[in-house]
Amino acid sequence: MSFLDALAASLPLLLISTGLLGLLVGSFLNVVIHRLPKMMEREWRQQARSILQLDAAEEPPLTLNTPASHCPACNAPIRAWQNIPLLSWVFLRGRAACCGVRIGVRYPLVELLTGLVSAACAWQFGFGLVLIGALLLSWTLIALAFIDLDTQLLPDDLVLPLLWLGLLFSLIGGFVDLQSAVIGAIAGYLSLWLVFWAFKLTTGKEGMGYGDFKLLAALGAWLGWAALPQIILLSSMVGALSGIAMIITKRQQRGAAMAFGPFLAAAGWLALMGVDLLAPLQR
């Protein structure tokens, strides 16, 4: 029996294997979350210098794999045993082995979250093509949520491929049929676009960014138009309650911008997992 056959035959083995894979992917997502916004800023600076007809600035190469993993405090290279997802942080007691600087708790939390989310997808969908799609969607949503929390940006480099991949996945037998996916992508974008313009014409302010439109369009492409009402309702309610709580606790000023992408991502993932909060209203 091959390993793939064993995965298909044993749910516990599938859960453990998918969870471990999620931990590894979570380590990579930490790199994406940290570096992709910096790569975007560098590209914008180069474009601005080009428009102003200035010489291009010489900067060290920066990609998702260059430079190699290193300590942000002392630039010492991180050895393989110091980069084991979750375990290295525990063994090192949350401090860098090279210089002792404290390592943020969010790094292992992203790894743990990705591992748990991956195992949950395996539990929900079992072994097969649908699980692959669920994992790709979930991993991208995690990266987008944390990037938006840090920068209030939802990079096109992630959102647009997610949108097209959702349509392709629906074409080859994904979560919904292709017609529902196409309508979902269109309705997802237009719904928030209309809310954006209604709010702007009424108040003169921009209530959200265009990245939110694209993310909801991507979720519509993956999950179909029928999932959009729940995603919009849940993300709006949780976003509003979170904003009120942050204002009350003085963690955010009234009227200050707040990332909406994490709430869209969380609501979309719950819809992926079959959570239907509107079902009681439909009875």
Side-chain angles (χ1 to χ4, degrees), residues 1-36 64-65 68-69 78-94 97 103-147 157-159 161-162 164-176 218-219 221-223 227 262 265-276:
M1 177 183 292
S2 68
F3 181 67
L4 292 180
D5 292 334
L7 287 178
S10 173
L11 180 59
L13 179 60
L14 178 63
L15 294 178
I16 294 172
S17 300
T18 309
L20 291 175
L21 174 63
L23 291 177
L24 294 173
V25 172
S27 181
F28 173 70
L29 292 184
N30 275 320
V31 176
V32 175
I33 293 165
H34 177 72
R35 293 193 182 185
L36 184 57
L64 294 181
N65 58 4
S69 297
I78 297 178
R79 303 180 185 277
W81 69 270
Q82 299 167 348
N83 207 21
I84 302 173
L86 200 59
L87 294 180
S88 290
W89 189 87
V90 175
F91 292 151
L92 293 172
R93 298 182 180 181
I103 303 172
V105 71
R106 200 176 79 175
Y107 291 101
L109 286 180
V110 169
E111 294 168 351
L112 179 60
L113 174 63
T114 309
L116 293 175
V117 163
S118 301
C121 289
W123 176 273
Q124 176 73 12
F125 300 106
F127 182 79
L129 176 65
V130 175
L131 174 58
I132 296 175
L135 291 174
L136 291 175
L137 174 58
S138 300
W139 296 339
T140 309
L141 289 177
I142 290 172
L144 286 168
F146 281 97
I147 289 175
D157 288 348
L158 293 179
V159 179
L162 186 66
W164 291 113
L165 188 59
L167 294 175
L168 176 62
F169 193 65
S170 300
L171 179 63
I172 62 177
F175 304 109
V176 295
L219 290 172
W222 279 89
L223 305 175
W269 189 79
L270 289 175
L272 169 69
M273 299 300 290
V275 177
D276 188 357

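Sequence positions, counted from 1, serve as the residue numbers for this chain. Scope of the values below: all heavy atoms of this structure, side chains included, with no hydrogens, waters or symmetry mates.
- Applying the side-chain contact (heavy atoms from CB on, under 4.5 Å) test between Phe28 and each of Ile33, Thr114, Leu64 identifies Leu64 as the sole match.
- Side-chain N or O atoms of Glu111 include one that pairs as donor or acceptor with a backbone N or O of Leu86 at under 3.5 Å.
- Listed here is the closest heavy atom pair of Trp269 and Ser138: NE1-OG, 3.0 Å.
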As a quick check of understanding, evaluate side-chain contact (heavy atoms from CB on, under 4.5 Å) for Ile147 and Leu158, giving each step before the final call. CA-CA 11 Å; Ile147 289 175; Leu158 293 179; 3.9 Å; yes
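- Between the OG1 atom of Thr18 and the CG atom of Leu116 there is a distance of 12.5 Å, given to the nearest 0.5 Å.
- Atom CZ of residue Phe125 and atom CD1 of residue Ile132 lie 13.0 Å apart, to the nearest 0.5 angstrom.
- In plain terms, the two heavy atoms of Leu272 and Ala134 that are nearest each other are CD2-O, 4.1 Å.
- Within the 3.5 Å criterion, the main-chain N or O of Ser170 finds no donor-acceptor partner in the side chain of Trp222.
- Rounded to the nearest 0.5 Å, atoms CG (Leu165) and CG (Leu171) are 11.5 Å apart.
- Residue Leu131 holds its CG atom at 10.5 Å from CD of Gln124, rounded to the nearest 0.5 Å.
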Run the side-chain contact (heavy atoms from CB on, under 4.5 Å) check on Leu141 and Leu219 step by step: do they pass? CA-CA 10 Å; Leu141 289 177; Leu219 290 172; 4.0 Å; yes
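- Heavy-atom minimum distance, Pro85 versus Leu24: CG-CD2, 3.7 Å.
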Side chain to side chain donor-acceptor pair (under 3.5 Å) evaluation trace for Trp139 with Ser118: CA-CA 8 Å; Trp139 296 339; Ser118 301; 2.9 Å; yes
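- What you find for Leu15 and Ala119 is that their closest heavy atoms are CD2-O, 3.3 Å.
- Rounded to the nearest 0.5 angstrom, Leu137 CG and Phe175 CZ are separated by 6.5 Å.
- Annotation: side chain of Phe169 is not in contact with side chain of Leu136 (no heavy-atom distance under 4.5 Å).
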Please lay out, stage by stage, how Leu29 and Phe146 fare under the test side-chain contact (heavy atoms from CB on, under 4.5 Å). CA-CA 10 Å; Leu29 292 184; Phe146 281 97; over 6 Å; no
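- Nearest heavy-atom pair, Val176 versus Ala221, reported as atom, atom and distance to 0.1 Å: CG2-O, 4.5 Å.
- The ring of Trp89 has its center no closer than 6.0 angstrom to the ring center of Tyr107.
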